[in-house]
A.B. asks: 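Here you go, one structure.
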There are 2 protein chains.
Amino acid sequence: MEFELKSTAVGTNARAGLITTDHGQIETPIFMPVGTVGSVKGVHMPELRDDIKAQIILGNTYHLYLRPGMDIMERAGGLHKFNGWERPILTDSGGFQVFSLSGNRKLKEEGVTFRSHIDGSKHLFTPENVVDIQRIIGSDIMMALDECPPGTSDYNYAKNSLKLTQGWLERGWKHFNETEPKYGHRQAYFPIVQGCVYKDLRQDAAKHVADLGADGNAIGGLAVGEPTEMMYEMIEVVNDILPQNRPRYLMGVGTPANILEAIDRGVDMMDCVMPTRNGRNGMLFTQHGIMNMRNKKWADDFSPIQEDGASIVDHIYSKAYLRHLFVASELLAMQIASIHNLAFYLWLVGEARKHIIAGDFKSWKEEMVVNVQRRL
Amino acid sequence: MEFELKSTAVGTNARAGLITTDHGQIETPIFMPVGTVGSVKGVHMPELRDDIKAQIILGNTYHLYLRPGMDIMERAGGLHKFNGWERPILTDSGGFQVFSLSGNRKLKEEGVTFRSHIDGSKHLFTPENVVDIQRIIGSDIMMALDECPPGTSDYNYAKNSLKLTQGWLERGWKHFNETEPKYGHRQAYFPIVQGCVYKDLRQDAAKHVADLGADGNAIGGLAVGEPTEMMYEMIEVVNDILPQNRPRYLMGVGTPANILEAIDRGVDMMDCVMPTRNGRNGMLFTQHGIMNMRNKKWADDFSPIQEDGASIVDHIYSKAYLRHLFVASELLAMQIASIHNLAFYLWLVGEARKHIIAGDFKSWKEEMVVNVQRRL
């Protein structure tokens with residue numbers, strides 16, 4: 001994996017860059033749609049590629065490890081072959097899901113044991129075996145195993161947790177460097193900066209991560225309940241330390257405004273289930289504000305979903321029709337909203353990139369942050 | 001609406017024809033995907049048009065009357081404008097849903113009162129007002145209100161029910177001829193032959209219907225629990241009487257084998273929720289047999305869903321991937337299966353048409369009926 005810094009803008013830390021993987025290039029800043037079990041919910045692969053214009057998608061190691069399982073994944077020849085997505089794929093390490101989904105998890109120095117949320121079966125994730133699992137998945141970018149402490153963790157918990165994560169990182173990094181990809185294409189390994197909302201812990205974590213010299217670096221453990229301003233502060237603290245010449249991935253963030261503020265602070269990559277999950281519940285994001293499609297006000301609005309929308313669905317379906325589909329609980333409602341929201345997120349980061357290159361990102365962002373938070 | 005009989009085949013009553021509506025032409029025999037509330041579940045409009053190649057779809061008067069309601073429908077300018085489907089639409093009269101979905105229905109000479117399955121509100125359908133409702137929906141083909149007696153009805157019930165349906169038909173037909181379309185395109189009105197599984201009732205009903213001289217005629221009240229052979233016999237009895245130069249629509253039927261047998265007996269139009277409903281449950285129909293996609297045997301079959309399949313989804317997704325999506329309860333599984341099944345049904349009737357025109361329908365059908373019922 002290579003990263004080329006193309007442009008920085010004035011009065012901001014926002015950057016435009018280009019990531020090159022063996023499955024193609026990614027223009028940054030970029031938003032990555034989440035394909036939890038190998039499919040972005042409600043979205044066909046051609047729609048993801050041609051309409052949404054996704055450049056890279058996420059897979060979840062925890063989910064894919066449980067289903068379809070690594071035996072099937074390996075015989076398929078990895079996730080690209082299995083789901084037919086030919087562009088880059090990033091996989092998380094599974095840590096986040098172990099801490100949010102599975103019961104009876106037990107943290108040890110060795111790793112974390114957990115029970116499957118599907119059938120209760122017992123499993124162990126270690127820093128080493130999540131590398132092996134991601135080798136089998138064949139993702140272009142693999143993530144290190146980390147503990148994801150709750151957003152409300154106190155300083156002592158956060159400090160001990162970070163120590164565990166750092167020990168795991170060293171073991172994972174070593175194992176990554178001692179193992180080879182299985183399918184002939186290169187795989188990068190991103191370490192993750194933890195440290196909750198404690199500045200000194202975040203700084204310590206960022207230095208530790210930066211010293212590895214990985215192809216890219218991630219910021220985890222944010223948008224987990226802390227105040228938004230604190231999240232922004234932590235991003236600033238960490239990005240002051242992470243190397244300029246490597247992409248920075250802010251994990252699991254966020255709203256359109258969060259995305260813009262993160263870009264402003266030097267973040268290059270983001271992912272979030274919000275566009276699809278909130279979409280399935282009837283919430284549409286646009287550059288003019290947020291629409292709740294279940295609202296009665298759309299019942300007789302026969303204009304297109306969004307006249308200047310980035311996606312085909314914005315033009316072929318009306319607001320009234322989409323509202324009707326949500327009220328009637330039709331599958332198509334969830335499909336339309338998911339495509340719309342993802343296409344908007346990709347449009348938003350694409351526009352951000354243009355304005356970074358044009359040099360007027362800051363003023364554009366200030367205006368856009370207000371617009372995207374309006375209630376329509 | 002016009003109907004042109006293009007071709008009949010040897011040793012069979014199968015016919016190839018061409019229906020012309022103001023929204024375009026329909027090559028018969030045809031299968032019509034069901035868009036209950038104005039959307040074919042899990043399928044985008046461009047997919048329905050370009051991939052599935054649907055020539056006409058169904059809407060349900062009962063559902064559309066309750067949601068979005070006739071006020072919205074009229075302000076939209078009818079269903080074509082509301083859902084964006086520009087090809088022909090047929091609507092049923094709502095009768096079938098009143099008898100299968102709503103509680104507390106009460107049959108009277110005047111019509112049928114029923115309570116909404118959504119909110120319990122009370123409504124009345126009469127032969128006249130379901131014409132008015134379908135005028136507002138703007139379907140190209142409207143259906144007469146009928147009583148749909150249970151498949152197990154005894155002779156006396158069936159006889160009295162038919163009498164009611166025939167009285168309703170005369171009133172509906174009169175009202176149809178006294179009213180005008182609302183949106184500038186023509187609307188046809190199809191009467192429905194009832195009579196359960198009683199030959200003399202079916203004959204009486206068919207004569208009564210034939211005498212009206214409507215643009216097309218329908219056969220209702222079949223595939224409601226009676227033995228399949230009895231259904232085929234009733235189709236034969238009725239089609240002996242219905243005019244040759246009008247399309248015949250067999251309502252709510254059925255499996256691929258049912259479709260072929262109905263075509264063999266002179267049916268031109270069919271609809272059924274089976275391809276989408278069974279698809280959402282993991283059942284795929286093909287010309288080689290039926291696949292249950294939840295079956296473990298597909299878990300490591302990485303070949304395309306169907307190498308000679310009619311739809312794009314058959315080629316871009318593998319059996320193993322689709323099986324995984326079903327096991328993981330992903331939305332995309334239902335979308336893929338719905339598109340596959342509908343594309344197969346449209347392929348099947350298209351092939352039937354080719355073989356009718358080529359003159360070898362009978363032998364082709366005999367073989368195909370065996371193939372489509374295999375378990376793969």
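Letters A, B, ... mirror the listed sequences (proteins, then strands); counts begin at 1.
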A.B. asks: Can you list everything that forms a side chain to side chain contact (heavy atoms under 4.5 Å, CB included) with E86(A)? Sequence neighbours excluded, please.
C.D. replies: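 Expected list: none.
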A.B. asks: If you count heavy-atom pairs under 4.5 Å with chain A, which of K41(B), M45(B), H44(B) comes out on top?
C.D. replies: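 The answer is H44(B).
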A.B. asks: Taking all non-hydrogen atoms of both residues, which atom of P46(A) and which atom of Y317(B) are closest, and how far apart?
C.D. replies: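 Smallest interatomic distance, heavy atoms only, reads CD-OH, 4.0 Å.
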A.B. asks: Please report the closest heavy-atom contact between S39(A) and L325(B), naming both atoms and the distance.
C.D. replies: CB-CD2, 3.6 Å
A.B. asks: E330(B) versus V37(A): any side-chain heavy-atom pair under 4.5 Å?
C.D. replies: yes
A.B. asks: Please classify the contact of I336(A) with chain B as side chain, backbone, both or neither, using a heavy-atom distance under 4.5 Å.
C.D. replies: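 Both backbone and side chain.
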A.B. asks: Go through the steps for L331(B) and M334(A) under the test side-chain contact (heavy atoms from CB on, under 4.5 Å), then give the verdict.
C.D. replies: CA-CA 9 Å; L331(B) 279 185; M334(A) 299 195 277; 3.9 Å; yes
A.B. asks: So what's closer than 4.5 Å to chain A heavy atoms on F302(B): side chain, backbone, both or neither?
C.D. replies: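 Contact with chain A is through the side chain of F302(B) alone.
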A.B. asks: Is R323(A) close to chain B through its backbone or its side chain, or both, or neither, when contacts mean heavy atoms under 4.5 Å?
C.D. replies: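 Answer is neither: R323(A) stays 4.5 Å or more from chain B.
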A.B. asks: Verify the neighbour count for atom CZ of F326(B): are there more than 12 heavy atoms of other residues, nucleotides or ligands below 6.0 Å?
C.D. replies: yes
A.B. asks: Where is the tightest heavy-atom contact between G42(B) and Q335(A), given as atom of each residue plus distance?
C.D. replies: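 Closest heavy-atom pair between G42(B) and Q335(A): CA-OE1, 2.9 Å.
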A.B. asks: Can you tell which part of I312(B) gets under 4.5 Å to a heavy atom of chain A, answering side chain, backbone, both or neither?
C.D. replies: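 No part of I312(B) comes within 4.5 Å of chain A.
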A.B. asks: Locate the shortest heavy-atom distance separating V43(B) from L332(A); write the atom from each residue and the value.
C.D. replies: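 So the two residues come closest at O-CD1, 3.6 Å.
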A.B. asks: Please name all residues satisfying ring-ring contact (aromatic ring centres under 6.0 Å, His included) with H315(A), sequence neighbours left out, ordered by chain then number.
C.D. replies: none
